[in-house]
Amino acid sequence: MPELVEVELSRQLAGALAGRRVRSVEVPDPYASPLGPRALAQALIGTEFGLPRRRGKLLLLDTDGPTLALHFGMSGRLRLDGRTALGPLRYAPSGLEVRWLRFSLGLEDGGRLELFDPRRLARVTLDPDEESLGPDAATLTLAQLRSALGRGHRSALKACLLDQRRVAGIGNLICDEVLWRSGLAPSRPAGSLGETELHRLHRQLRKTIALLLDQGGSHTGTLTPLRRRGSRCPKDGSPLARSVVGNRTTYWCPAHQR
DNA sequence: CTTAATGTTGTCTG
DNA sequence: CCAGACAACATTAA
């Protein structure tokens, strides 16, 4: 679930952390962090949270000490004081089982921040390298998009959009949805877009992200439910193609995506 | 049992 | 040097 949209919803949930202090640190699955449980505890206990930030798919929880960074991998989700920001997990519809709790913080006021992750690809770090991420997709300017794609001259458009160093936050579902709405083929060389196409892509990117946020998830688009063999394009009725682009399964309409 | 999965990273190859 | 292919990571569920 964790593309920009889910992480943003988690950031909003984490807003309630501001001004609260860490009392305890638990790491039931040490695999979740390259830092040991001890280092995390030492760095975090007693610190006070500020307002949470997000860059791409990274949730940044600033404290008056280090910045706690959460990356949700494929199946991570956040719970704060018993509340979550997202609907059921695709790979764990039953949701928040104790065996999937990988990291948690007890707060001085009795509250609790918990990271659940069935698939164990989520990561907890401190003071991450934020600058290696490209500009955030939700607020990307046309100029930023142009330069992100320009440098990727001959690599596939979709591969560029998924590259977090170029643009941060776009995942597989958002990418396919945006390209479908933009009428652009995922395998188009990124550098081949004309100014009109670039404009269209930029507009659809911003619009789609806002829509998906509003609807509560990356999976709420038009194309997502059609990600199975035999589906047809809702725009023109053509059979959707299924291929691999940028290492990810890609659904698209060869009829109107050019 | 097989396959695919909302992600990232490193390695190999042409 | 570049882009693409592929495996690995670890697990769930259809």
Side-chain angles (χ1 to χ4, degrees), chain A residues 1-10 28-34 54-59 69-78 84-102 115-125 128-129 132-134 137-138 149-180 186-192 208-209 212-213 215-231 242-251:
Chain A
M1 17 145 269
E3 299 189 33
L4 176 156
V5 170
E6 284 72 25
V7 182
E8 174 58 21
L9 294 170
S10 301
D29 181 8
Y31 186 81
S33 180
R54 179 189 60 74
R55 177 140 173 186
K57 302 173 188 173
L58 203 56
L59 177 59
L70 303 181
H71 190 284
F72 296 98
M74 291 281 266
S75 61
R77 68 182 335 201
L78 200 62
T84 60
L86 311 169
L89 283 168
R90 175 163 179 176
Y91 295 107
S94 48
L96 311 157
E97 296 184 22
V98 181
R99 65 188 169 120
W100 294 328
L101 180 62
R102 310 296 177 190
L115 173 64
F116 291 86
D117 179 30
R119 228 179 124 178
R120 296 177 82 196
L121 293 171
R123 289 296 173 266
V124 178
T125 54
D129 175 17
S132 64
L133 293 171
L149 298 181
R151 276 176 295 144
H153 230 279
R154 45 181 89 90
S155 70
L157 176 56
K158 176 166 176 176
C160 280
L161 292 173
L162 288 177
D163 185 343
Q164 304 298 302
R165 293 166 304 184
R166 294 177 185 278
V167 179
I170 300 175
N172 203 29
L173 296 187
I174 294 179
C175 196
D176 279 6
E177 181 77 24
V178 168
L179 291 175
W180 178 76
S187 55
R188 270 282 292 278
S192 74
T208 304
I209 288 174
L212 297 177
L213 251 178
Q215 297 181 158
S218 303
H219 61 290
T220 63
T222 305
L223 199 62
T224 306
L226 304 174
R227 297 181 73 84
R228 51 196 164 78
R229 289 165 169 106
S231 296
R242 178 193 198 267
S243 46
V244 174
V245 183
N247 247 332
R248 309 299 302 277
T249 300
T250 302
Y251 285 87

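Just so it is clear, the structure is predicted and the values come from calculations on it, not from any experiment. Chain naming here is simple, since letters A, B, ... match the order of the sequence lines and numbering starts at 1 in each.
For A:Arg99 (side chain) and A:Leu101 (main-chain N/O), no donor-acceptor pair under 3.5 Å exists by modelled atom type. Using modelled atom types, one side-chain atom of A:Ser33 and one backbone atom of A:Val124 make a donor-acceptor pair closer than 3.5 Å. For the pair A:Arg227 (side chain) and A:Thr249 (backbone), a donor-acceptor distance under 3.5 Å is present. A:Gln164 contributes a side-chain N or O that, together with a main-chain N or O of A:Leu162, makes up a donor-acceptor pair within less than 3.5 Å. Checking side-chain atoms of A:Glu6 against main-chain N and O of A:Glu3 turns up a donor-acceptor pair under 3.5 Å.
Side-chain nitrogen and oxygen atoms of A:Ser75 include none within less than 4.0 Å of the OP1 or OP2 phosphate oxygen of C:dT11. Between A:Arg99 and C:dT12 there is a side-chain N or O to OP1 or OP2 distance below 4.0 Å. For B:dT6, one of the phosphate oxygens OP1 or OP2 lies less than 4.0 angstrom from a side-chain nitrogen or oxygen of A:Arg227. Note on A:Arg248: a side-chain N or O is less than 4.0 Å away from OP1 or OP2 of B:dT6. Distances shown here put a side-chain N or O of A:Tyr31 below 4.0 Å from the OP1 or OP2 atom of C:dA10. Between A:Trp100 and C:dT12 there is a side-chain polar atom (N or O) within less than 4.0 angstrom of OP1 or OP2. Between A:Asn172 and B:dT6, a side-chain N or O to OP1/OP2 separation shorter than 4.0 Å is present. An OP1 or OP2 oxygen of B:dG7 is reached within less than 4.0 angstrom by a side-chain nitrogen or oxygen of A:Lys57.
On the C1' atoms, B:dT6 is 22 Å away from C:dA5, given to the nearest whole Å. Across the C1' atoms, C:dA7 and B:dA4 are found 16 Å apart, a figure rounded to whole Å.
The distance between atom CZ of A:Phe116 and atom C1' of C:dA10, rounded to the nearest whole Å, is 18 Å. Across the protein-nucleic acid pair, A:Ile170 atom CD1 and B:dT6 atom P stand 15 Å apart, rounded to whole Å. If you take CD of A:Glu6 and C1' of B:dA5, they are 14 Å apart, rounded to a whole angstrom. One atom, CZ of A:Arg242, and another, P of B:dA5, lie 5 Å apart when rounded to the nearest Å. Atom CG in A:Leu161 sits about 14 Å away from atom P in C:dA3, given to the nearest Å. If you take CD of A:Glu97 and C1' of C:dT12, they are 11 Å apart, rounded to a whole angstrom. Atom P of nucleotide B:dT9 and atom CG of A:Leu162 are separated by 13 Å, given to the nearest angstrom. Between the P atom of B:dT6 and the CG atom of A:Leu179 lies a distance of 15 Å, rounded to the nearest Å.
Here A:Asn247 lies in heavy-atom contact (under 4.0 Å) with a base.
Take A:Arg248 and apply the salt bridge (Lys or Arg N to Asp or Glu O under 4.0 Å) test, not counting sequence neighbours, and it matches no residue. In this structure A:Arg102 satisfies the salt bridge (Lys or Arg N to Asp or Glu O under 4.0 Å) test together with A:Asp29, sequence neighbours excluded.
The base of C:dA10 sits with one of its N or O atoms less than 3.5 Å from a complementary donor or acceptor on the side chain of A:Arg119.
Between A:His71 and A:Arg229, the one whose closest nucleotide on DNA chain B sits nearer the 5' end is A:Arg229.
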Applying the Watson-Crick and G-U criteria (both distances under 3.5 angstrom) with [ ] for crossing and | for other-strand pairs, one obtains for DNA chain B .||||.||||||||

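At a threshold of 4.5 Å between non-hydrogen side-chain atoms, the residues A:Lys57 and A:Leu133 do not count as touching.
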